[in-house]
2 protein chains.
Amino acid sequence: MNGQPADRVEETVAIALRLFTERGYDNTPMSAVADALGLTKAGVYHHFESKEHLLYLVHKHTLESQLVPLIEQAEAEPDAGMRIRRFMIDYVLLLARDPSAAMLINESRRLAPHHLAEIRGIWRRGYRMLRGTIIELQQRGLCREGVDPVYAAFGAIGMTSWIIHWFDRARGGNADAVARTMCGIFLDGILKDGARP
Amino acid sequence: MNGQPADRVEETVAIALRLFTERGYDNTPMSAVADALGLTKAGVYHHFESKEHLLYLVHKHTLESQLVPLIEQAEAEPDAGMRIRRFMIDYVLLLARDPSAAMLINESRRLAPHHLAEIRGIWRRGYRMLRGTIIELQQRGLCREGVDPVYAAFGAIGMTSWIIHWFDRARGGNADAVARTMCGIFLDGILKDGARP
DNA sequence: CTCCTAACCTACCGGCCGGTAAGTTTTTAG
DNA sequence: CTAAAAACTTACCGGCCGGTAGGTTAGGAG
């Protein structure tokens, strides 16, 4: 119930998340993780079978605590338009606030194939929610012609995700304005002229 | 005038582009580059002062031969709407066709700071062109309210660039349809209801 | 032919880093 | 208190890789 990690595994995952974000996965030797924990390298390897496994746990823990709730909140939204809006805005705010999200995206290539598949499955839940919502809008006749739900969903994800490459909250970036602009462009871009709120 | 590289430097850059794309920068030892050239490692280091320098040349050469012409073609387009359309479509087709573009985006972090700054300057030309075009549309009263030119430009770039993370031309991906859908969403998203062609 | 230079090779260095074997301390169970 | 299991430490290995010192070959100029 307090902010302290319950055990060494959680503590290590939290520290690795920070170090990987600050220095990158390849530039963070396990000795650095050990130092930050006040342990030796072998002490860390008592809890993790490999560095890749630690990276996998960092991915899994962070996505489940940050991304999944955000998807579930959006899914709970009854109105389709609001569902998209809710997700896009919260997602932009998340990426703008937390630089570790960018690390997860960049370093996912280092995962072993089966771990990568599992992690991509988590990301895919957001994609599926968006695509399903766009299909629903289409079936209700609210979408413009020529909007492919798959490509549109990836468009919304890409437009927002890309902020990891340019947004700098330290230099006067206004995350709220980014979120509103992008969400507005996307919804105006897929909805028929008469279907907007 | 033929397809053969004019000298060893060009030849090496071409081979490094291929190897970095296939295996990643970190997983491509200089010995692999040397092998592919039929040289030894020291033979390669006769032409390049460091591996990072080789990566820099790969970036520079590829961007100048692939991205810059695409930007200049778009800039030559007199109509603002067509300028955006032209760029977005050609850019999507480029990314969908050539996996090395994804490598350049992913591995740019390995560049030394001054090289990174120069390479980002090339990418930025596309951003500036888009932003300037959106501002032009705004001044002519063709844009919806609330469209920030900076965030909109990054939105167009992000929506299209993100296909490096999901598009798979080997599995029936239709790059033309992607390009048309995304370009349509973006233009419908920023232009007033009456301003579309 | 000679001389020079660019291109290239052999052989090596040094450091880093993931991972481990084997032993020691700490905690827990009974 | 005892014993075993869990949590560590010390000390090390082995491999890879970027980079280089110094010598060798090839090719063109004169």
Side-chain angles (χ1 to χ4, degrees), chain A residues 4-61 103 106-116, chain B residues 4-61 103 106-116:
Chain A
Q4 300 304 332
D7 59 15
R8 264 282 144 80
V9 172
E10 280 185 35
E11 187 184 356
T12 308
V13 167
I15 280 181
L17 172 65
R18 184 169 59 80
L19 290 179
F20 291 169
T21 301
E22 286 170 7
R23 315 175 33 170
Y25 176 72
D26 290 323
N27 289 320
T28 306
M30 286 299 267
S31 58
V33 176
D35 287 351
L37 281 164
L39 296 184
T40 60
K41 208 171 37 155
V44 177
Y45 274 99
H46 178 72
H47 301 284
F48 301 92
E49 59 193 44
S50 70
K51 190 184 180 187
E52 186 274 339
H53 187 236
L54 175 57
L55 179 63
Y56 159 69
L57 290 180
V58 167
H59 265 83
K60 185 168 178 176
H61 176 269
M103 181 275 289
N106 285 324
E107 307 291 10
S108 62
R109 288 174 297 158
R110 307 294 169 196
L111 291 169
H114 65 289
H115 284 154
L116 179 59
Chain B
Q4 301 303 331
D7 59 16
R8 264 285 143 79
V9 172
E10 281 185 34
E11 187 185 357
T12 308
V13 167
I15 281 180
L17 173 66
R18 184 169 59 77
L19 290 178
F20 290 169
T21 301
E22 288 170 5
R23 316 175 33 169
Y25 176 72
D26 290 322
N27 290 319
T28 306
M30 287 298 266
S31 58
V33 176
D35 287 352
L37 281 164
L39 296 184
T40 60
K41 212 171 35 158
V44 177
Y45 275 100
H46 178 71
H47 301 284
F48 302 90
E49 57 194 46
S50 70
K51 190 184 180 187
E52 185 275 339
H53 187 234
L54 175 57
L55 178 63
Y56 160 70
L57 290 180
V58 167
H59 264 83
K60 185 170 178 174
H61 177 268
M103 182 275 289
N106 285 325
E107 307 290 10
S108 62
R109 287 174 298 158
R110 308 293 168 195
L111 291 169
H114 64 291
H115 285 152
L116 178 59

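Small disclaimer: the values here were computed from a predicted structure and weren't measured.
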In whole Å, what is the span from the [atom1] atom of [X] to the [atom2] atom of [N]?
X	N	atom1	atom2	result
B:D35	D:dC17	CG	C1'	13 Å
A:D7	D:dC8	CG	C1'	15 Å
B:Y25	D:dC17	OH	C1'	12 Å
B:F48	C:dC8	CZ	P	11 Å
B:R110	D:dC17	CZ	P	15 Å
B:M30	C:dC12	CE	C1'	18 Å
A:E11	D:dA7	CD	P	13 Å
B:N27	D:dG18	CG	P	10 Å

Between [X] and [N], does any side-chain N or O lie under 4.0 Å from OP1 or OP2?
X	N	answer
B:R8	C:dA6	no
A:H46	D:dC8	no
B:H47	C:dC8	yes

Query raised in the report: Between B:R109 and A:E107, is there a side-chain N and carboxylate O pair less than 4.0 Å apart?
Result: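 So B:R109 pairs with A:E107 through a salt bridge.
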**Report entry** Enclosure of B:H61 NE2 (heavy-atom neighbours >12, cutoff 6.0 Å)
**Finding:**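 Incorrect, the count does not exceed 12.
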Out of [options], which has the shortest distance to the side chain of [X]?
X	options	value
A:L39	D:dT20, C:dC17, D:dT9	D:dT9
B:K51	D:dT10, D:dC8, D:dG19	D:dG19
B:S50	D:dT9, C:dC9, D:dG19	D:dG19

Query - Test applied, side chain to side chain contact (heavy atoms under 4.5 Å, CB included); reference residue, A:T12; option that passes from A:L57, A:L39, A:V58, A:L37 - result: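 Answer to the side chain to side chain contact (heavy atoms under 4.5 Å, CB included) test with A:T12 among A:L57, A:L39, A:V58, A:L37: A:L37.
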Requested in this report: Would you check if B:R110 and B:L116 make a side-chain contact, meaning some heavy-atom pair closer than 4.5 Å?
Outcome: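 Sidechains of B:L116 and B:R110: no contact.
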Query - Side chain proximity check, A:H115 to A:K60, heavy atoms < 4.5 angstrom - result: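 Answer no - side chains too far apart.
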Query raised in the report: Counting only distance, no hydrogens or angles, is the base of D:dG19 paired donor-acceptor with the side chain of B:K41 under 3.5 Å?
Result: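 Per atom types, the contact qualifies.
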Requested in this report: Have a look at B:S31 and say if it touches a base, only the backbone sugar-phosphate, or nothing, with a 4.0 Å heavy-atom cut-off.
Outcome: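 Counting heavy atoms under 4.0 Å across all strands, no contact is made by B:S31.
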